[in-house]
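Single-structure report; data block below.
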Amino acid sequence: MRNATEYDLCVIGGGAAGLVAAAGAASLGAKVLLVEKRALGGDCLHVGCVPSKTLIHSAKVAQIIRDAERFGIAASTPVIDLSKVMQRVRRVIAQIEPNDSPERFAGLGVDVVFGVGQFTGPNLFTVNGRQVCAKNFVIATGTGPAIPPLPGVENIPYLTNETLFAVKEPIPHLLVLGGGPIGCEMAQSLARLGSRVTLFDLAPRLLPREDDDMSAVLYQQFKQEGVDVHLGIKVLKFEYANGEVRVLLEHPQQGQYRLSGSHLLIAAGRKPNLENLGLRLTGVELDNGRLILDARLRTSNKNIYACGDVAGPYLFTHMAEHQAGVVLKNALFHWPSKARTRNIPWCTYTDPELARVGLSETEAVAQGITHRVYRFPFADIDRAVTADETVGMSKIITTPRGKLLGACIVGPQAGELIAEYVLALAKGMSAADLSNTIHIYPTLAQINRRVADQSLKEALTPQRKRWLKWLFGLRG
Ligand SMILES: Cc1cc2nc3c(=O)[nH]c(=O)nc-3n(C[C@H](O)[C@H](O)[C@H](O)COP(=O)(O)OP(=O)(O)OC[C@H]3O[C@@H](n4cnc5c(N)ncnc54)[C@H](O)[C@@H]3O)c2cc1C
Ligand SMILES: NC(=O)c1ccc[n+]([C@@H]2O[C@H](COP(=O)([O-])OP(=O)(O)OC[C@H]3O[C@@H](n4cnc5c(N)ncnc54)[C@H](O)[C@@H]3O)[C@@H](O)[C@H]2O)c1
């Protein structure tokens, strides 16, 4: 194409997925163009992981001040100015931002362009009036908050993750629609930062992707901290009057009732950012608004790939980075590489944290997989006792012969602790392997061994014990 700049790779979207794809390709010698609509860093840096985890930490500090008595220190009511907390959020973003700066990427050899572009042909993209031709394209445009089409929602003011961290005024009473990771993390944080919080979800439990017993630990903690949770409800109507958001709910047993609050946060899932990309000129096919991708993350146009949240199905920064690597192998080197769909780890950063990898108990039952389940409580881990963080447990799912199928931890630092199980699952290990590994005393990580020990203890049946006694002449 005449007048079109030629690239090996054109990456659309400069979030975690796009940045990894662009930097990786440039470092391998490719000529790369990165097109970004707003700011490099995407959701994770600006309105996702970084601000939410920063807010969570401030909230934890407030809670420790409130609860100090149990550590032998006089407790007090923390004086919280939400605008100052949000200032800290912005400071932390600014501190991390240089890693994702256009200058850094230019230094890596990536051409960075800010603007919203469109495909103008199967291998042509136009941005800021400039035509770009590339051997391969990567769609890495992420997702935005999905707003369910509930009656009245179009007439009320609401917050999403895109606006919450810019709030400057106090939030006296926050209503939260959605008990998924965003809803749970933000509900608990805002409650700890002094807001009254009411959360409602149509699902029967918080974090509906998790097992009932793990989710129940979180539910108890929310109740104890004063978060008002309404599960299994249907939203009938939203209204806004006198500066108040009102919502009419229906519960199968409790019938219809109203809740009201000063602010509403909608955290009801995500929708892929695919509008106005000109996809119809590319042969890229969609199913129900989502990209149809093969295992190599290729769309129905073999030169257009996708990675990150827009590709799904696991909407995490670490998955965006993994998928970007898969796309690079396929697009640049034609080295067949498939995106992983099994043993994906994640963590929801509530307090206690809830982390998971591999098969859950619910999935094992639903898939008819013969399995064993072992649990161990934090209350029996000395380090947890010393920190007075004994809420929660670890749970593993194994085959009847002890091979690990999945692990879930709800408790202090679950997101750090699960890493051992991530590796163990990746390497096809058994509970016995964990049990035979020396863990430092006193650490929270000892729970990883202690839960695995349960599987070995079970193997010691009364009959086997009798046999051992006979064999070695034991007298007990
Ligand atoms: C509140 C919240 C908390 C989260 N916490 C965690 C967490 O703790 N851990 C975790 O792993 N994940 C977390 N996530 C998820 C994580 O943020 C995403 O998985 C990650 O950002 C996905 O990266 P991405 O590059 O695919 O998409 P994005 O980060 O969304 O980046 C997409 C980029 O594309 C740009 N773009 C969109 N359309 C166009 C266009 N037409 N042209 C050019 N550019 C475009 C956008 O401006 C954006 O910069 C959280 C998400 C939210 C919302
Ligand atoms: N710690 C983390 O890794 C982290 C944190 C936040 C977000 N994320 C990522 O972002 C994604 C999006 O998070 P999310 O919490 O917005 O979405 P989600 O899809 O995980 O949860 C949305 C919740 O809203 C409820 N819901 C949806 N429509 C509803 C309606 N009409 N009425 C009542 N309830 C309704 C659902 O039942 C569900 O529980 C997550 O899936 C996750 O991948 C990750």
Side-chain angles (χ1 to χ4, degrees), residues 13-20 34 36-66 78-107 112 114-116 140-145 157-176 178 181-195 197 262-267 270 273 308-309 315-318 320-321 347-351 353 415:
L19 291 178
V20 171
L34 174 61
E36 166 57 47
K37 174 162 92 165
R38 283 195 292 245
L40 297 188
D43 274 13
C44 181
L45 176 62
H46 298 284
V47 290
C49 328
V50 172
S52 60
K53 268 75 255 179
T54 309
L55 197 77
I56 285 168
H57 196 77
S58 291
K60 178 146 193 153
V61 171
Q63 197 65 7
I64 290 173
I65 295 172
R66 219 174 259 129
V79 180
I80 299 156
D81 178 342
L82 192 60
S83 70
K84 284 199 179 148
V85 175
M86 295 304 186
Q87 268 174 33
R88 173 170 178 264
V89 168
R90 284 189 284 280
R91 273 205 311 278
V92 171
I93 293 173
Q95 203 175 330
I96 296 176
E97 204 165 16
N99 293 335
D100 296 347
S101 68
E103 296 74 28
R104 176 161 177 260
F105 279 78
V112 181
F114 286 95
V116 181
T141 49
T143 59
Y158 57 79
L159 298 164
T160 66
N161 71 294
E162 295 188 342
T163 48
L164 175 67
F165 305 106
V167 164
K168 295 199 172 67
E169 77 275 8
I171 301 183
H173 185 174
L174 181 68
L175 301 178
V176 180
I182 299 181
C184 284
E185 287 183 356
M186 294 301 95
Q188 188 183 38
S189 300
L190 269 298
R192 289 177 161 202
L193 290 168
S195 300
V197 177
S262 61
H263 294 70
L264 168 70
L265 171 67
I266 299 189
R270 316 285 298 170
N273 292 328
D309 281 10
L315 313 188
F316 302 108
T317 295
H318 43 280
E321 292 178 352
C347 177
T348 302
Y349 297 89
T350 42
D351 185 3
E353 294 180 355

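Every value quoted in this text rests on a predicted model; they were computed, and no experiment measured them.
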For the atom pair [atom1] ([X]) and [atom2] ([Y]), what is the distance rounded to the nearest 0.5 Å?
| X | Y | atom1 | atom2 | result |
| --- | --- | --- | --- | --- |
| Thr348 | Ile56 | OG1 | CD1 | 9.0 Å |
| Ser195 | Met186 | OG | CE | 11.5 Å |
| Ile96 | Thr54 | CD1 | OG1 | 6.5 Å |
| Leu265 | Leu190 | CG | CG | 7.5 Å |
| Asp43 | Asn273 | CG | CG | 7.5 Å |
| Leu55 | Ser189 | CG | OG | 5.0 Å |

Between [X] and [Y], what is the shortest heavy-atom contact and its length?
| X | Y | value |
| --- | --- | --- |
| Ile80 | Ala62 | CD1-CB, 4.0 Å |
| Gly183 | Val176 | CA-CG1, 3.7 Å |
| Asp309 | Leu315 | OD1-CA, 3.3 Å |
| Pro157 | Leu264 | O-CB, 4.4 Å |
| Ala39 | His46 | CB-NE2, 3.7 Å |
| Ile182 | Ala267 | CG2-CB, 3.7 Å |

Q | Listed once per pair and sorted, the salt bridge (charged side-chain N to carboxylate O under 4.0 Å, His left out) pairs that draw on residues 47-62, sequence neighbours left out | A |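 Pairs touching residues 47-62 that pass the test: Lys53-Glu185, Lys60-Asp351, Lys60-Glu389.
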Q: Return the set of residues passing side chain to side chain donor-acceptor pair (under 3.5 Å) with His173 (not counting sequence neighbours), or none when no residue passes.
A: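 Partners of His173 by the side chain to side chain donor-acceptor pair (under 3.5 Å) criterion, ordered by chain and then number, come out as Thr198.
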Q: Apply side chain to side chain donor-acceptor pair (under 3.5 Å) to Glu321 and list each qualifying residue two or more places apart in sequence or on a separate chain.
A: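 Result, side chain to side chain donor-acceptor pair (under 3.5 Å) vs Glu321: none returned.
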Quick one: side chains of residues 158-166, donor-acceptor pairs under 3.5 Å with protein atoms, not counting sequence neighbours, listed by atom name and distance.
residue, atom, partner, partner atom, Å
Thr160, OG1, Glu162, N, 3.0
Asn161, OD1, Arg270, NH1, 2.9
Asn161, ND2, Val47, O, 3.0
Thr163, OG1, Thr160, N, 3.0
Thr163, OG1, Thr160, O, 3.3

Q: Using the test ring-ring contact (aromatic ring centres under 6.0 Å, His included), find all partners of His57 that sit at least two apart in sequence or belong to another chain.
A: none
Which residues share a side-chain contact (heavy atoms from CB on, under 4.5 Å) with [X], sequence neighbours left out:
| X | result |
| --- | --- |
| Ser83 | Asp81 |
| Glu36 | Arg38, Leu40, Phe114 |
| Glu103 | Ser101 |
| Ala320 | Ala16, Ala17 |

Q: Answer yes or no: is there a donor N or O on one side and an acceptor on the other, between the side chain of Glu353 and the main chain of Gly415, under 3.5 Å?
A: yes
Q. Can you find a heavy atom in the side chain of Arg104 that is under 4.5 Å from one in the side chain of Pro98?
A.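 In short, these two side chains do not touch, never coming nearer than 4.5 Å.
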**Q.** Qualifying side-chain hydrogen bond (donor to acceptor under 3.5 Å, both in side chains) pairs, either residue in residues 88-100, two or more places apart
**A.** Ser58-Arg88
